Number of protein chains: 2
Amino acid sequence: MSQLPEQPADTSIPTSADVARLAGVSRATVSYVLNNNTTVRISESTRRRVREAASDLGYVPHAAARSLRAGHTRTVLLPAAHVPAGPLQQRFFIDLQSDLRRLDYTVVQYGSGGLDPDEAARAWAELRPVAVVSPVGMALTRVGIGVLTRSGAKAVITLGPQPVDGAHALVMDQREVGSCAVRHLLSGGRSRIGVVMPQEPGLAPFSEPRLAGALRALDETGADARIQPLPLRYEEASAEDLAARWRSLGLDSVFAYNDEYAMLLMRALQDAGVEVPGEVAVIGADDLMLGRLLRPRLSSVRMELATAQPLAEMIDRLVQHPGGAPERHYLLRARAVARESG
Amino acid sequence: MSQLPEQPADTSIPTSADVARLAGVSRATVSYVLNNNTTVRISESTRRRVREAASDLGYVPHAAARSLRAGHTRTVLLPAAHVPAGPLQQRFFIDLQSDLRRLDYTVVQYGSGGLDPDEAARAWAELRPVAVVSPVGMALTRVGIGVLTRSGAKAVITLGPQPVDGAHALVMDQREVGSCAVRHLLSGGRSRIGVVMPQEPGLAPFSEPRLAGALRALDETGADARIQPLPLRYEEASAEDLAARWRSLGLDSVFAYNDEYAMLLMRALQDAGVEVPGEVAVIGADDLMLGRLLRPRLSSVRMELATAQPLAEMIDRLVQHPGGAPERHYLLRARAVARESG
DNA sequence: TTGAAAGCGATACCAG
DNA sequence: CTGGTATCGCTTTCAA
């Protein structure tokens with residue numbers, strides 16, 4: 001019928017024009033059919049022809065072209081951390097991803113691989129995300145927030161221990177964790193409390209607030225007690241070292257940052273002949289399965305993270321009605337779980 | 001000077017046209033300056049004016065428009081798993097991301113949030129990635145691979161226990177792990193070997209090949225021994241249950257899938273009065289710090305994963321010279337680390 | 001019911 | 001050295 005050269009060979013990617021040609025209709029019609037546009041009525045036979053042509057050619061629409069035309073994307077950017085995340089965080093993000101997809105957003109994780117925070121924000125802005133959810137560890141400055149906002153982001157949300165000026169914030173206040181641990185130790189009659197400070201890079205945003213929370217708990221209860229930070233690397237040698245000079249520290253209890261550090265330290269203490277919980281009470285955090293398997297069973301601080309669903313809805317709401325004042329939500333609840341270790 | 005209405009108000013995102021207007025030049029010139037185009041000479045004063053205008057407006061180029069015009073992207077798509085990843089995997093991806101960024105690629109993780117594998121491939125293809133690196137757990141069918149290839153992906157690489165037809169593959173042959181564990185147990189004089197099979201969803205792609213490897217090792221050595229799969233959930237109750245009927249199983253050793261399951265099982269066995277390693281030898285895998293802290297210290301299979309660098313270079317090479325035969329690289333080396341548990 | 005055509009933002013030719 | 005202009009793939013008026 002048509003003498004057009006049918007040469008969309010192996011090398012060329014089919015476009016809607018190719019589909020139109022094959023179906024014998026115009027590009028407009030292709031668009032109507034494939035997007036199920038309801039404002040225009042297309043005959044059933046045409047629809048079939050178009051769909052067949054599309055699937056014959058293996059046509060896949062070009063997201064960039066589409067959003068260029070639309071003037072906006074439905075991309076939610078989730079800057080990827082450059083330090084491994086725990087299982088809880090990962091679960092949270094996976095759920096968030098599903099929930100947002102259900103609301104028809106495209107969630108994209110995009111690392112900043114060692115860029116300056118403001119350069120990173122620029123790189124993110126090139127994608128013109130409609131929303132940005134920045135996890136802890138991804139420094140987001142006021143400048144960066146400005147860049148993103150001016151590039152069309154309707155919602156910039158930080159997720160972490162402390163809010164950042166100018167953005168909405170989901171605050172997971174790690175101070176609660178330290179506070180909770182210390183109150184537990186105090187109520188058990190302990191008063192000379194060590195607080196493990198991991199020396200691994202990237203944990204400071206968690207460990208510092210936990211220490212601060214520990215100190216605050218002391219203040220609030222007005223107890224006659226003291227708190228001593230204990231630097232520790234996640235290595236046996238470091239723990240042995242600490243255990244060797246343990247008795248000289250004069251402590252009767254320790255909040256070990258989390259269950260893993262707690263296990264490391266507890267083992268070293270036991271090997272050095274320091275009795276747990278007799279001489280020293282130990283409490284971790286995260287309430288991992290691990291802790292229940294230790295002897296003595298490890299006391300821990302259990303964190304109840306909010307589910308991803310409300311965040312997804314918040315994002316959707318902010319995208320649809322932008323421009324409100326920065327919102328601030330606190331969503332970490334911590335609870336001490338007493339076991340045998342203190 | 002110019003009577004053009006300067007109304008790029010708060011609401012509108014600056015484009016290169018806005019920059020051109022402010023600098024008093026054409027859009028073409030803006031493009032030349034901002035991209036440091038060398039094939040054309042622009043006066044230093046013009047350059048300055050353009051750069052100033054761009055930074056005054058907070059101009060950020062529009063990635064979609066750019067790649068639409070260019071006809072291709074430099075996006076490497078990394079489908080995000082929907083099951084939490086271990087620290088090793090995460091480290092690998094973080095490194096890969098950095099390495100690729102250094103080669104000027106944009107690495108994007110994009111989950112498929114519960115889509116059908118082929119639908120997922122279509123969704124990915126909409127982004128027109130130049131390469132796709134599909135981790136284990138992301139089922140990628142031949143159809144999916146075809147969709148991606150026809151949409152312009154120059155390299156589709158699977159990463160996991162077994163290769164997928166039609167794509168390049170970085171094979172991390174988990175059979176090596178099981179094989180290694182069993183050879184170790186055999187050489188220690190054990191012959192009735194249990195193999196823990198985690199019941200958690202998503203682990204099958206790892207656990208099945210490990211079992212297969214265990215069986216293969218038996219075959220190869222021709223030892224007079226037997227292997228018995230042991231279903232186990234990652235819960236205390238499940239482990240207690242298994243431990244309670246342990247003696248009736250008549251096993252003298254167990255490969256516990258990994259160190260975490262090993263710890264779970266070992267604890268249950270000890271609590272049930274079964275001696276380790278006296279009655280039963282236990283070996284895990286991953287060689288976590290955890291294992292060294294247990295008593296007895298846990299034997300383990302240590303995996304040496306390749307670094308990300310070669311993969312990044314492979315991707316770059318495939319992108320530049322596409323069309324070769326599917327490559328297949330094996331990059332898991334496993335080694336038993338004998339400790340006290342067997 | 002369908003088609004022609006404008007235009008989203010950036011780039012790269014070719015004139016001037 | 002710099003400025004028009006065509007173009008990438010797609011959506012969406014407006015006409016026919």
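Below, all heavy atoms of this structure are taken into account, side chains as well, without hydrogens, waters or symmetry copies. A, B, ... follow the sequence lines: proteins, then strands. Residue 1 opens every chain. The structure displayed is predicted, hence computed values, not measured ones.
- For the residue pair Leu148(B) and Ala121(B), the shortest heavy atom distance occurs at CD2-O, 3.7 Å.
- Considering only residues two or more places apart in sequence or on other chains, Arg317(B) meets the salt bridge (Lys or Arg N to Asp or Glu O under 4.0 Å) condition with Glu327(B).
- Looking at residues two or more places apart in sequence or on another chain, you find no salt bridge (Lys or Arg N to Asp or Glu O under 4.0 Å) involving Arg101(A).
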Would you be so kind as to tabulate the donor-acceptor pairs closer than 3.5 Å made by side chains of residues 137-144 of chain B, with sequence neighbours excluded?
residue: Thr141(B); atom: OG1; partner: Asp118(B); partner atom: OD1; Å: 2.6
residue: Thr141(B); atom: OG1; partner: Val143(B); partner atom: N; Å: 3.3
residue: Thr141(B); atom: OG1; partner: Gly144(B); partner atom: N; Å: 3.0

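- Residues Ile145(B) and Ala167(B) approach most closely at CD1-CB, 3.6 Å, considering heavy atoms.
- For Ala53(A), the side chain to side chain contact (heavy atoms under 4.5 Å, CB included) test picks out Val19(A), Leu22(A), Ala23(A), with sequence neighbours left out.
- The span of DNA chain D lying next to chain A, judged by atoms under 4.0 Å from heavy atoms, is bounded 5' to 3' by dG9(D) to dT13(D).
- Of all heavy-atom pairs spanning Leu96(B) and Ala312(B), the tightest one is CD1-N, 3.9 Å.
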*asked:* Does the protein touch nucleotides 7-16 of chain C at the base, only the backbone, or not at all? Give it as B, S and - per nucleotide, heavy atoms under 4.0 Å.
replied: BBBBBBB---

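- Under the rule for a side-chain hydrogen bond (donor to acceptor under 3.5 Å, both in side chains), Ser134(B) has no partner lying at least two apart in sequence or in another chain.
- Comparing the axis of the opening five pairs of the helix from dT1(C)-dA16(D) to dG16(C)-dC1(D) with that of the closing five pairs yields an angle of 50°, rounded to 10°.
- The side chain to side chain contact (heavy atoms under 4.5 Å, CB included) test applied to Ile94(B) returns His82(A), Pro84(A), Arg91(B), not counting sequence neighbours.
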Side-chain donor-acceptor distances from residues 102-111 of chain A under 3.5 Å, at least two apart:
residue: Arg102(A); atom: NH1; partner: Asp99(A); partner atom: OD1; Å: 3.1
residue: Tyr105(A); atom: OH; partner: Asp316(A); partner atom: OD1; Å: 2.6

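- Interface residues of residues 43-52 of chain B facing DNA chain C, ordered by number: none; criterion, heavy-atom separation under 4.0 Å.
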Please list, one pair per line, the donor and acceptor atoms closer than 3.5 Å that link side chains of residues 56-68 of chain B to other protein atoms, with sequence neighbours excluded.
residue: His62(B); atom: ND1; partner: Ala64(B); partner atom: N; Å: 3.3
residue: His62(B); atom: ND1; partner: Ala65(B); partner atom: N; Å: 3.3
residue: Ser67(B); atom: OG; partner: Ala63(B); partner atom: O; Å: 3.2
residue: Ser67(B); atom: OG; partner: Ala64(B); partner atom: O; Å: 3.3

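- Thr15(B) contributes a side-chain N or O that, together with a main-chain N or O of Ala17(B), makes up a donor-acceptor pair within less than 3.5 Å.
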